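Note that the structure is a prediction, hence the values are computed from the model and not measured. Below, all heavy atoms of this structure are taken into account, side chains as well, without hydrogens, waters or symmetry copies.
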Amino acid sequence: MRVLNVAEKPSVAKSVAGILSGNQNLRMREGRSRYNKIYEFNYSINGLPCHMLVTSVTGHLMELEFEDRFRKWHACDPAVLFTAPVRKFVPQDKLDIKRTLEEVARGCQWLVLWLDCDREGENIAFEVIEVCTAVNRQLTLRRARFSALIERDIHDAVQNLVNPNKCFADAVDARQEIDLRIGASFTRFQTMLLRDAFVIESGTNDRNLVLSYGPCQFPTLGFVVERYWEIQSHEPEEFWTINCSHRSDEGLATFNWMRGHFFDYTCAVIIYEMCVEEPTATVTKVRQQEKLKYAPAPLNTIQLEKRASIYFRMSSEHTMKVAEELYQAGFISYPRTETDSFSERTNLHAIVQEQQGHPGWGSYAQRLLDPASGLWRNPRNGGHDDKAHPPIHPTKFSSGESGWSQDHHRLYELVVRHFLACVSQPAVGAETTVEIDIAGELFFASGRVIVAKNYLDVYRFESWGGSLLPTYEVGQQFVPTTLTLDSGVTRPPPLLSEADLLSCMDKEGIGTDATMHDHIKKLLDRFYATKDSSMRFSPTNLGEALVMGYDDMGYKLWKPYLRAVMERDMKAVSEGAKSKAEVLETCLQQMKACFLDARLNKVKLFEAMAVFFERSNRSGGDEQHASGEFVRRCGLCQEADMVLRQNRDGNFMVGCLGFPQCRNVVWLPGSVSEAAVTTNVCNSCTPGPVYLIQFTFRRLEIPPDYSANHLGCIGGCDETLRQLTEICGTGSRLSARGRGGPAMPNNVQRSNTRQGACIYCHQTGHSSGNCPSQSSGPRSSRPQSMNVQSAGQVSISCSACGAPCTSRTANTTTNRGRKFYSCQSQACNFFVWEDSINNGNRGRGFQRVNVSASASNPSRSQGHGRGGRGAVDAAGVTFVSATGDPISGRRCFVCGDPSHFANACPNRGI
């Protein structure tokens, strides 16, 4: 029978193959990947002859990612990422490993999985299963469970194969998807919102700066910031205490006040003066008792990281790297474990026996094994068991390897000494406590003598200090050598050390034993926090600003509660108590609501960032990507979403998030003051869905017959929105003028949006047609003049105001290249084709009579305004749009030019 064995790393595959084959008749050949060899040998599993093929992956074989159209940051609204489809696939750099597995699996009957025995390893196991069973559905699937790369564990694992645990794999799948969706949405939101808006000092280029958010990373940052705020807000407060000492022939005893200290100086002075007046001390109690200092519980991952940080100043990330190397070399057991209690079947004496030859602790190991010494004690039960691995312990003797660094030596020594300590008797001490009375005030002193060091003999990292007390007897009296009233001030707590931070994370359930060090490292990599030489963490301005912004919103996204609930839910999935789908739905619904609320309150992030950073003069376009509301799928690029947003001038538009690759945009009327996407869907426009937008228009900027509130569609079916866009133009002419010169009062600006300066007197407040400097006769009756210039060109004057008209060329399908004349004044609507002049038609003039009223109601068929179709059509005039399509009865609202609409008018804002 051919058996395919797959390990998690090439080094593990090599060790497993070497142990099972005994390095006899072991053949090695190349796979598709040059790093992942294939080892072959014969072996017997429970008496069944097998031809074993051992190869490996390199960690996760697959990645979870959004489908391609959602992977670009500007391709969609970040809120869509909570529901966007995801896929799990083999990335390009792992395809060779996949091909190796497929080729070997085709000819095998069994698949034995040698992945790490934790949730992550189980998830990788099912990735391997998916690849292998795709080419061979007849494979028998088996799982090898082991904790150390040593002979007894490996042989025992292969002879006692079990079934893979799907619940473990589902728990990791749930965590990966939750972290991907939450992390991507919040990261895109805050990066696009803030990166270009502020000058942010960080270790990377501003344009490449990513303001990442992680469901575990942010609560970890929250611990650091919260402690920092606690220190900053601390107000030192003075206190007073009474100290007493007594020197005798046997030594010095220092007595502490039972009350501790007083913050009230007057009270402290009164009591002190009472003691000074009656200073004789009387011994009221002498208590002697045996004290035990117990050895630590067996070593798990969190304790390993904490103790390495305290004893050796090693970071948790570096500790796990060194521990992993020691494990792969077979010197210690699997270093990622929550378990801190040994099972009854663990042969603890055998582990101690292997250490008897070491020059540093070998003699202690010999004493442990000697029954006459009475030193042996079964280890304590720490109360944690992940059912996957035993506590970390030595698996192979070493007095030091040539390739080891100082940290390898230190960590191996810590693992060995910790194991020897945890199977030892506790240290024994004799403690004496003496209490005295001075003028009714009680004082006490303590002393300790170590009777038996026991485990402290080998565990050099801990001490149990004490001091000898002189001999006192009840009733004895003496006058203190010193009796003083001393002052002090309260002090804030210290910054969090790495050990403190790990304790906070462990207590609140943030991350797992295998991931906590990664979350801490990301804080430093993202420049959210720094670590000083004392291994203590401080938040950077960036880290503090982000936490402050979310805190001001009132959402505790930086607190551990939400993530702790997620971790408990994922543990429930691993135990089969909850389904993956149930946890995903609950968690993502909750976090999406938080995201949408945070986006509505984004001003809080701006305010917090402004406390620490200067505003940038770079384009703030990305801010709109972060805050756009989904309207529809882009019909031009077919990849990104169209979202409602505002540009820097406050003008509303619906634009494609694929910008600048896709420049599809629908500009909305400049008179829009508010706009919000609703949940209503247009029943006419396709492809859908196209969500309707609730508009609020500025009353004074739209004709009176139109409502200031309108539920509209940008898909092309909304006639009202189309008319208002034509009447009002797109964008704010007010803001356009504001950029060109000094700002004017709102009422002045609004009155001038419909008028330019008079062409005769160059004054504002009236049109050229109403200029008092001109004749007072009716403008409609003024004759039209036509002059022939010396160069042979025709000169046309406006029939309304008499001003010279500008010659233009149409760019439409039906009239491309055809020339016409129109008046430059915004007050006139004069227009005439050049060839019609030659045919005797002098053109038509349209006076602007009640423009707003006539244009505001499309149902009207009478009147002389631009909206009055009847009058225009009767005049026989053909209007053309800027795109070249003829539109009967339409012309530019601003200048009367038929070659464009008002939204494309070059005279807007003049």
Side-chain angles (χ1 to χ4, degrees), residues 65-87 89 177 180-181 184-185 188-189 192 584-585 588-589 592 595-596 599 621-622 624-647 651-669 672 674-696 709-726 730-731 813 858 881-885 887 901 903-904:
E65 190 51 270
F66 294 106
E67 289 188 354
D68 289 344
R69 67 190 184 97
F70 297 97
R71 295 184 69 174
K72 292 181 180 179
W73 276 39
H74 301 309
C76 67
D77 179 354
V80 174
L81 299 178
F82 282 95
T83 54
V86 294
R87 64 189 181 98
F89 65 100
E177 186 167 342
L180 173 66
R181 293 185 184 279
S185 57
R188 292 186 189 184
F189 162 65
M192 294 189 292
L584 284 173
E585 181 181 7
L588 293 176
Q589 280 182 352
K592 184 176 182 180
F595 175 83
L596 295 175
R599 192 165 66 177
D622 279 352
Q624 306 308 325
H625 288 299
S627 58
E629 297 178 75
F630 174 77
V631 177
R632 70 176 305 178
R633 193 86 183 140
C634 179
L636 183 61
C637 67
Q638 300 291 332
E639 291 184 358
D641 293 336
M642 300 282 286
V643 297
L644 173 68
R645 58 195 185 194
Q646 288 178 275
N647 65 11
N651 302 321
F652 286 91
M653 61 181 178
V654 176
C656 179
L657 286 179
F659 180 86
Q661 288 76 18
C662 178
R663 295 179 177 269
N664 189 15
V665 64
V666 177
W667 288 97
L668 299 174
V672 175
E674 296 178 15
V677 179
T678 68
T679 56
N680 300 319
V681 177
C682 180
N683 296 322
S684 304
C685 295
T686 57
V690 179
Y691 290 96
L692 301 183
I693 301 174
Q694 182 65 53
F695 295 100
T696 301
N709 296 298
H710 176 64
L711 183 64
C713 174
I714 57 92
C717 66
D718 192 332
E719 179 67 17
T720 300
L721 190 62
R722 186 174 67 84
Q723 291 167 4
L724 285 175
T725 302
E726 179 188 345
T730 58
T813 304
S881 73
T883 58
D885 297 321
I887 301 178
F901 281 140
N903 64 332

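- Contact between Val681 and Pro689 at its shortest, heavy atoms only, is CG1-CB, 3.9 Å.
- Counting heavy-atom neighbours within 6.0 Å of Phe66 CZ, excluding the residue itself, gives a total above 12.
- Of all heavy-atom pairs between Met642 and Val654, the closest is CE-O, 3.4 Å.
- In this structure, Phe595 and Phe189 have perpendicular ring planes: the angle between them is above 60°, well past the 30° mark.
- Arg632 places a side-chain N or O within 3.5 Å of a backbone atom of Pro687 that can act as its donor or acceptor partner.
- The CG atom of Leu721 sits 4.5 Å away from atom OG1 of Thr725, with the distance rounded to the nearest 0.5 Å.
- In this structure, CD on Gln694 lies 5.0 Å from CG on Leu711, to the nearest 0.5 angstrom.
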(message) The test is side-chain contact (heavy atoms from CB on, under 4.5 Å); show your working for Leu668 and Leu644 and say whether it passes.
(response) CA-CA 10 Å; Leu668 299 174; Leu644 173 68; 3.9 Å; yes

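- Applying the side-chain contact (heavy atoms from CB on, under 4.5 Å) criterion to Pro85, with sequence neighbours excluded, gives Glu67, Phe70.
- Counting heavy-atom neighbours within 6.0 Å of Asn683 CG, excluding the residue itself, gives a total of 12 or less.
- Here the straight-line distance linking atom CZ of Arg722 with atom CD of Glu726 works out to 7.0 Å at 0.5 Å rounding.
- Within the 3.5 Å criterion, the main-chain N or O of Val643 finds no donor-acceptor partner in the side chain of Asp641.
- When all heavy atoms of Val690 and Cys685 are compared, the closest pair comes out as CG2-CB, 4.0 Å.
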(message) For a side-chain contact (heavy atoms from CB on, under 4.5 Å) check, start with the C-alpha distance between Glu65 and Leu180, then their side-chain angles and the critical distance, and finish with the verdict.
(response) CA-CA 8 Å; Glu65 190 51 270; Leu180 173 66; 4.1 Å; yes

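- A distance-only check finds no donor-acceptor pair linking the side chain of Arg87 to the backbone of Asp68 [under 3.5 Å].
- Taken from CZ in Phe652 to CD1 in Ile714, the straight-line distance is 14.5 Å, to the nearest 0.5 Å.
- We find the CZ-OG1 distance between Phe695 and Thr720 to be 11.0 Å, quoted to the nearest 0.5 Å.
- Considering CH2 of Trp667 and CG of Asn651, their distance stands at 6.5 Å, rounded to 0.5 Å.
- With sequence neighbours excluded, no residue satisfies side chain to side chain donor-acceptor pair (under 3.5 Å) with Thr83.
- Looking at every heavy atom in both residues, Leu596 comes nearest to Ala79 through CD2-CB, 3.9 Å.
- Annotation for Leu81 and Arg181: closest pair O-NH1, 2.8 Å, computed over non-hydrogen atoms.
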(message) Quick one, Cys637 with Cys656, criterion side-chain contact (heavy atoms from CB on, under 4.5 Å). Give me CA distance, side-chain angles, the key distance, then yes/no.
(response) CA-CA 9 Å; Cys637 67; Cys656 179; 3.7 Å; yes

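- Residue Arg599 comes nearest to Pro78 through the heavy atom pair NH1-CD, 4.5 Å, listed as atom of the first residue, atom of the second, then distance.
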